[in-house]
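No experiment lies behind these values; they were computed from the predicted model shown. Residue numbers begin at 1 in each chain, while the letters A, B, ... track the order of the sequences.
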Amino acid sequence: IQTDALWFDQDEANRTTLGAGDPVRGDIQDGADFRRARLAATGQAWDNVSYMLEMDFGFPGRPSFMDVWLDIDDVVGSNNLRIGQFRQPFGMDGLTSVREMTFLERGLPFAFLPFRQIGATLYGCDSDEVMTWAVSGFRYPTDFNGGNIGDNGGYGMAARLTGLLMNNGPGRGLVHLGGGYSFVDPSNDSFQYRSQPEVGIFETGGGVPAAAPTFVPPFVDTGIFQANNSNLFNVEFATALGSFYSQSEFYFVVVDRPGQSTVGFTGAYSQVGYFLTGESRTYNSKGGVFGRVKPNHSVGRGGGLGAWEVAGRWSYLDLTDDDILGGTLNDLTAGLNWYINPFTKFQFNYIYAMLDNPIYGDSEAGIFAMRAQVDF
Amino acid sequence: IQTDALWFDQDEANRTTLGAGDPVRGDIQDGADFRRARLAATGQAWDNVSYMLEMDFGFPGRPSFMDVWLDIDDVVGSNNLRIGQFRQPFGMDGLTSVREMTFLERGLPFAFLPFRQIGATLYGCDSDEVMTWAVSGFRYPTDFNGGNIGDNGGYGMAARLTGLLMNNGPGRGLVHLGGGYSFVDPSNDSFQYRSQPEVGIFETGGGVPAAAPTFVPPFVDTGIFQANNSNLFNVEFATALGSFYSQSEFYFVVVDRPGQSTVGFTGAYSQVGYFLTGESRTYNSKGGVFGRVKPNHSVGRGGGLGAWEVAGRWSYLDLTDDDILGGTLNDLTAGLNWYINPFTKFQFNYIYAMLDNPIYGDSEAGIFAMRAQVDF
Amino acid sequence: IQTDALWFDQDEANRTTLGAGDPVRGDIQDGADFRRARLAATGQAWDNVSYMLEMDFGFPGRPSFMDVWLDIDDVVGSNNLRIGQFRQPFGMDGLTSVREMTFLERGLPFAFLPFRQIGATLYGCDSDEVMTWAVSGFRYPTDFNGGNIGDNGGYGMAARLTGLLMNNGPGRGLVHLGGGYSFVDPSNDSFQYRSQPEVGIFETGGGVPAAAPTFVPPFVDTGIFQANNSNLFNVEFATALGSFYSQSEFYFVVVDRPGQSTVGFTGAYSQVGYFLTGESRTYNSKGGVFGRVKPNHSVGRGGGLGAWEVAGRWSYLDLTDDDILGGTLNDLTAGLNWYINPFTKFQFNYIYAMLDNPIYGDSEAGIFAMRAQVDF
């Protein structure tokens with residue numbers, strides 16, 4: 001469960017840009033919402049078969065399928081086969097659990113990811129857990145119920161390879177390098193890339209003030225445009241030493257369009273974190289991502305301060321190329337996290353969003369966001 | 001799970017009133033439905049942190065968030081802090097669990113309650129559990145997914161204080177007195193108070209007879225009206241002695257309107273119950289409400305009659321003041337409950353609803369309702 | 001969880017028929033989807049009271065109520081009473097669990113069944129478990145939330161009786177004979193019978209190719225027609241010997257219409273299965289249906305081939321009578337099932353659908369379908 005509260009401070013230019021010329025329609029309201037509320041059933045169907053069924057009830061008006069899959073272990077050597085809907089193997093940020101993110105939301109380049117689609121993947125790691133690999137095929141796009149249809153395309157693939165250049169054990173030095181490739185031929189012959197400024201809430205029903213947007217609108221948005229297929233590339237780089245860790249990625253997508261020029265978009269982010277209370281960020285060597293933070297001294301009946309972490313991020317997304325005028329967004333985020341025990345944390349983010357819209361020009365917004373999270 | 005079946009007997013004036021002049025549109029259909037079907041995950045995240053995630057699937061077309069919160073114990077002295085969506089601390093009837101209600105639905109003044117909103121509350125009781133207190137702040141109104149947005153208001157607070165004037169132990173005499181206050185400044189600058197006649201079913205989809213209402217319409221309804229804020233007050237009084245218990249509340253709300261006169265509405269109910277099989281109603285001294293009925297002799301493989309209870313209620317809601325013509329409703333209800341074990345009961349209610357509508361005049365309806373309930 | 005993937009091969013006449021004259025609108029798209037994803041809570045509320053609350057999240061856009069009931073044992077002799085929403089006692093195919101079906105979907109005559117409705121049933125079997133019986137009353141039609149309303153009808157009943165003419169134990173010879181009767185007076189005074197060709201997927205949202213159907217359309221369909229009530233009859237016959245088993249049913253429904261002639265429709269199916277790996281199909285003698293397949297040697301860490309089964313079915317549904325031009329469909333299906341352990345299986349079906357439409361004439365379609373299933 002993640003409960004969020006947000007406060008927005010936009011300049012006039014930002015309100016005008018987001019309202020497509022109308023500052024009232026672009027005036028984002030403060031608010032509070034459940035960002036995620038998920039129930040999952042996981043288990044072992046046999047000694048080599050496991051499954052997961054996870055639903056999210058936080059979306060307005062409907063429950064959505066999250067991870068819904070069955071795993072069969074050791075089908076090709078020590079590689080596992082997964083069938084169902086799952087996060088496609090692409091991008092360190094996208095594969096990090098939402099329960100273990102440093103900030104409230106993933107970085108802006110998340111907009112490029114195929115993410116959860118219905119398909120099959122073969123994945124594994126070497127016996128020393130120095131390298132991980134995964135390759136998958138899927139139907140695209142999959143709706144929130146896991147459905148996809150289409151005779152003309154509607155397929156995609158993704159692959160990811162990571163390795164540890166150094167791993168001296170927890171807190172003693174770690175260097176992670178990775179890369180990914182994904183090809184997608186969408187069944188509806190179109191794409192849309194867009195992103196909110198790394199926060200988002202919704203309200204539905206009759207309680208919304210008149211004329212105000214009922215959700216945080218995307219700051220950058222290509223709109224829906226015709227496309228044959230896309231080729232997506234990324235590079236990942238992460239380090240950890242003592243109480244410090246960093247994680248950076250660069251993304252590049254090339255989209256082939258029917259009867260029009262090919263367009264390319266880029267994104268990147270770089271983030272650092274430091275634990276004031278002496279913890280080290282753990283690394284999940286089977287998944288090739290950072291893992292959970294466990295406070296050295298949880299706030300419990302016996303006292304304890306929990307873990308305190310300060311963090312910073314720069315995030316970049318450029319969705320303008322040729323005749324696609326999606327805009328360019330730079331986000332600077334400062335974060336403070338208080339882990340009161342391994343399963344409960346409070347997060348505070350201040351995001352300074354600098355938007356360059358090709359039509360309305362430059363504008364800025366400041367956002368203060370809080371989250372209370374408990375998982376189980 | 002609560003499965004309901006209802007039969008309606010309306011006089012012609014009542015059909016005309018509810019159909020706004022058209023007796024066909026006001027002809028409530030007999031029916032059957034699941035009133036509530038809830039799944040909850042609750043647990044302990046740490047020795048001083050607990051959580052609850054409860055969804056209701058009984059609403060037509062969508063699951064709705066019920067109690068979704070995390071609790072931290074002993075944050076200020078022995079007081080607990082709760083963050084998320086929960087029933088705001090106001091009114092003995094509203095805070096009594098739906099699994100432990102004497103009748104199928106709460107009394108008519110329930111229409112005034114802020115009830116479940118997203119926010120935070122600090123609550124506790126003294127070490128002898130003679131008094132309970134709670135104070136909360138919340139966003140208002142929260143939609144069925146826990147979302148609320150709005151720059152102009154959208155906040156509320158509620159407070160409740162209860163005490164036991166006498167408590168000689170189970171069945172030996174108990175007197176409960178309590179009161180509450182709530183202030184709400186809604187984000188959409190409007191209110192609507194309304195109520196069904198203490199029963200309600202729905203049907204959606206194509207199976208509904210033409211022209212008939214698909215649900216039980218509200219008998220009294222202020223409509224949506226412009227408002228700045230509301231001040232809500234109540235008083236609670238309850239007693240228990242032997243197999244007898246009683247519970248009564250009085251509610252009064254004053255609504256401040258922009259450029260118009262202030263309006264006030266009132267509501268009240270008084271209910272009594274008596275166990276024919278000798279049980280006593282338990283009292284939850286931490287929550288300041290009545291608790292669960294456990295039959296002395298459950299109906300099981302070893303025999304037993306279960307617990308049999310007779311109950312009666314008068315309920316009153318006046319939503320007419322000044323230019324707001326919501327109507328006045330008096331309900332008299334006779335109830336028979338059969339608790340076959342602590343987790344399963346059958347309830348039978350006969351409700352005689354006397355409606356005074358400012359436009360269509362007086363009318364009456366008789367309703368017979370049955371419920372089978374099991375919880376776990 | 002059931003994950004399906006489908007590929008369609010239609011002749012031009014079939015596309016034209018299903019598109020009501022437009023071959024583009026009748027061009028069924030290949031696709032993948034979750035056919036079912038269900039979570040259930042079941043348990044014992046007391047030594048003689050059990051309950052089940054099951055939701056399916058596989059339907060587009062909403063969770064739907066499946067089995068939601070409470071059972072009280074031994075209320076009349078050794079007969080049990082069930083209250084809530086459940087599969088009405090009619091038809092061996094309909095009462096077989098979806099987790100234990102030989103093919104991906106039930107046979108075509110399933111279109112006639114009242115299936116899940118809100119009501120009450122009394123059911124039991126003799127002490128030797130040679131015969132089973134059940135009789136039920138229900139509201140009709142019940143929507144996906146279990147709701148039904150209506151003063152004018154809206155009631156139905158169903159009854160089923162089965163017996164074993166021979167039962168020499170697992171694999172040593174079994175002959176099952178059964179029959180059912182159901183009467184329904186619908187609240188909306190209308191019926192519609194229709195069926196997809198024994199497969200079905202959905203996609204919702206913006207990813208659907210333009211003009212293509214977003215789901216597999218019904219091949220035969222009476223449309224909605226006025227009706228007073230229906231009388232439905234069926235006969236069941238099943239056998240098992242060694243690794244072979246067979247199951248057949250014949251259905252006949254007579255519908256009484258206001259001011260028009262009575263119409264009658266028929267359906268039938270016959271299916272056989274054979275385990276190449278030596279298993280026998282178990283029989284659930286309390287329910288009067290076939291049970292779960294447990295491989296002799298599951299595919300696990302210790303090796304094993306699992307269970308391999310070949311199966312065939314002929315299925316028939318005639319929805320044309322008098323002025324109702326619903327069409328006639330014959331399906332021939334070949335199936336291959338691989339049970340890798342008792343809880344996980346892969347199914348492969350090839351369905352050859354032969355449609356006789358009264359307006360567009362004869363047409364044919366071939367469908368290849370795969371399913372991965374895990375339950376728990």
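- Looking at I72(A) and I340(C), their side chains come closer than 4.5 Å, going by heavy atoms from C-beta outward.
- In terms of heavy-atom proximity, N341(C) sits nearest to V49(A) at ND2-CG2, 3.6 Å.
- Rounding to the nearest 0.5 angstrom, the gap separating the CG atom in L70(A) from the CZ atom in F343(C) is 14.0 Å.
- At most 12 non-hydrogen atoms from other residues, nucleotides or ligands lie less than 6.0 angstrom from CD1 of I224(A).
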